K.L.:
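Here's a structure for you.
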Amino acid sequence: QVQLVESGGGLVQAGGSLRLSCAASGRTFSAYAMAWFRQAPGKEREFVASVSWSGGSTNYADSVKGRFTISRDNAKNTVYLQMNSLKPEDTAVYYCAARSGSYYLTAPRQYDYWGQGTQVTVSS
């Protein structure tokens, strides 16, 4: 079992920045690929970004490429999502997720563990 707890969400103006954190506990954090997903009201949960167990490889949704950066610190059992140039359409609940194996998968059903989510609201 892996327990995930997100933090860092909040209200920000368009063009601003936020950094989300996801602290993991339980089984060996470095054994898992990590990802961020988001879900806006009335919409399906969608992939945002993922990172390999080592942190050496990443994958991004086209909608956030060039604005968001995912990273991890295995010594701190934490994964981050740096979000810059935020837009109102980035407003959603952001979830941290973990899976063993490939980091390149983007479907929610392919991830085994989930956090409770943190709200990000971008005002225009």
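Just so it is clear, the model here is predicted, and its values are computed rather than measured.
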K.L.:
Just so I know, are the side chains of R38 and K43 near enough to count as touching, which here means a heavy-atom distance under 4.5 Å?
P.N.:
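The answer is no; the side chains never approach within 4.5 Å.
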
K.L.:
Quick one: is the NZ or CZ of R19 closer than 6.0 Å to the six-membered ring centre of Y80, and within 45° of its axis?
P.N.:
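Yes, R19 and Y80 form such a contact.
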
K.L.:
What I'd like to find out is whether the side chain of S100 reaches to under 4.5 Å of the side chain of W53, using heavy atoms alone.
P.N.:
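They are not in contact (no side-chain heavy atoms under 4.5 Å apart), so the answer is no.
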
K.L.:
Same hydrophobic cluster for L18 and L81, using side-chain heavy-atom links shorter than 4.5 Å among ILVMFWY?
P.N.:
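In one cluster: yes.
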
K.L.:
Specify the closest pair of heavy atoms between S124 and A14, including all atoms of both residues, with the distance to one decimal.
P.N.:
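Heavy atoms of S124 and A14 come nearest at CA-CB, 4.4 Å.
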
K.L.:
Would you say the side chain of Q82 lies within less than 4.5 Å of the side chain of S71, judging by non-hydrogen atoms?
P.N.:
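Not touching, per the 4.5 Å side-chain cut-off.
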
K.L.:
Starting from Y113, can I reach V79 by hopping between I/L/V/M/F/W/Y residues whose side chains sit under 4.5 Å apart?
P.N.:
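Yes: a chain of side-chain contacts under 4.5 Å links V79 to Y113.
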
K.L.:
Any chance you could measure T118, atom OG1, to Q116, atom CD, to the nearest 0.5 Å?
P.N.:
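Rounded to the nearest 0.5 Å, the OG1-CD separation comes out at 7.0 Å.
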
K.L.:
Considering non-hydrogen atoms only, spot the tightest contact between W36 and S21 and give its length.
P.N.:
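Closest approach of W36 to S21, heavy atoms only: CH2-O, 3.7 Å.
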
K.L.:
Measure the acute angle between the ring planes of F47 and F37, then classify it against the limits of 30° and 60° as parallel, tilted or perpendicular.
P.N.:
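Judged by the thresholds at 30° and 60°, the geometry between F47 and F37 is perpendicular.
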
K.L.:
Treating E6 as the side-chain partner and C96 as the backbone partner, does any N or O pair qualify as donor plus acceptor under 3.5 Å?
P.N.:
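Yes; at least one donor-acceptor contact below 3.5 Å.
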
K.L.:
Verify the cluster assignment for Y103 and V64: are they in a single hydrophobic cluster under the rule of side-chain heavy atoms below 4.5 Å apart?
P.N.:
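Unlinked, Y103 and V64 end up in two clusters.
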
K.L.:
Would you sort out whether N84 and F68 count as a side chain to side chain contact (heavy atoms under 4.5 Å, CB included), showing the intermediate values?
P.N.:
CA-CA 6 Å; N84 298 329; F68 291 10; over 6 Å; no

K.L.:
What is the distance from atom CG of L4 to atom OH of Y32, rounded to the nearest 0.5 Å?
P.N.:
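The OH atom of Y32 is 10.0 Å from CG of L4, to the nearest 0.5 Å.
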
K.L.:
Is there a side-chain contact between L20 and M83, using heavy atoms and a 4.5 Å cut-off?
P.N.:
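Counting from C-beta outward, L20 and M83 do come under 4.5 Å.
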
K.L.:
Assess the side chains of R99 and Y111: does a donor N or O sit below 3.5 Å from an acceptor N or O?
P.N.:
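Side chains of R99 and Y111: no pair found under 3.5 Å.
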
K.L.:
When you measure from the centre of the six-membered ring of F29, is the NZ or CZ of R72 under 6.0 Å away and within 45° of the axis?
P.N.:
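Judged by the rule (NZ or CZ under 6.0 Å from the ring centre, within 45° of its axis), R72 counts as positioned above F29.
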
K.L.:
Donor-acceptor pair, T28 side chain versus S30 backbone, under 3.5 Å?
P.N.:
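Such a contact is absent between T28 side chain and S30 backbone.
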
K.L.:
Take N77 and S25, measure what side chain to side chain contact (heavy atoms under 4.5 Å, CB included) needs, and give me the verdict at the end.
P.N.:
CA-CA 7 Å; N77 286 1; S25 60; 6.0 Å; no

K.L.:
Write down the atom of S123, the atom of L11, and the distance for their closest heavy-atom approach.
P.N.:
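Closest approach of S123 to L11: CB-CD1, 4.4 Å.
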
K.L.:
Kindly compute the distance separating OG (S63) from CD (E46), expressed to the nearest 0.5 Å.
P.N.:
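One finds 5.5 Å between OG of S63 and CD of E46.
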
K.L.:
Please confirm whether the backbone N or O of S7 pairs with a side-chain atom of Y94, one donor and one acceptor, at under 3.5 Å?
P.N.:
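No: the side chain of Y94 does not pair with the backbone of S7.
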
K.L.:
Out of curiosity, N74 CG to M34 CE, how far, rounded to the nearest 0.5 Å?
P.N.:
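Answer rounded to 0.5 Å: 9.5 Å.
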
K.L.:
Does any non-hydrogen side-chain atom of T69 lie less than 4.5 Å from one of Y60?
P.N.:
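Y60 vs T69: side chains touch.
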
K.L.:
Does one hydrophobic cluster hold both V120 and Y95, with members joined at side-chain heavy-atom distances below 4.5 Å?
P.N.:
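No.
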
K.L.:
Quick one: are T91 and Q119 in side-chain contact, heavy atoms under 4.5 Å?
P.N.:
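Result yes, sub-4.5 Å side-chain heavy-atom pair found.
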
K.L.:
Is it the case that T78 and D73 place a side-chain donor and acceptor less than 3.5 Å from each other?
P.N.:
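Their side chains do not contain a donor-acceptor pair, so the 3.5 Å distance test is not met.
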
K.L.:
Count the heavy atoms belonging to other residues, nucleotides or ligands that lie under 6.0 Å from NZ of K65, then report whether that count exceeds 12.
P.N.:
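Yes - once you tally the heavy atoms of other residues, nucleotides and ligands closer than 6.0 Å, there are more than 12.
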
K.L.:
Between CG of L105 and OG of S50, what distance do you get to the nearest 0.5 Å?
P.N.:
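Taking CG in L105 and OG in S50, the distance rounds to 8.0 Å.
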
K.L.:
Quick one: does S57's side chain have a donor or acceptor within less than 3.5 Å of a partner on S52's backbone?
P.N.:
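No, the answer is negative, given that no donor and acceptor are paired below the 3.5 Å cut-off.
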
K.L.:
To the nearest 0.5 Å, how far apart are OG1 in T121 and CG in D90?
P.N.:
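Going from the OG1 atom of T121 to the CG atom of D90 covers 11.0 Å.
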
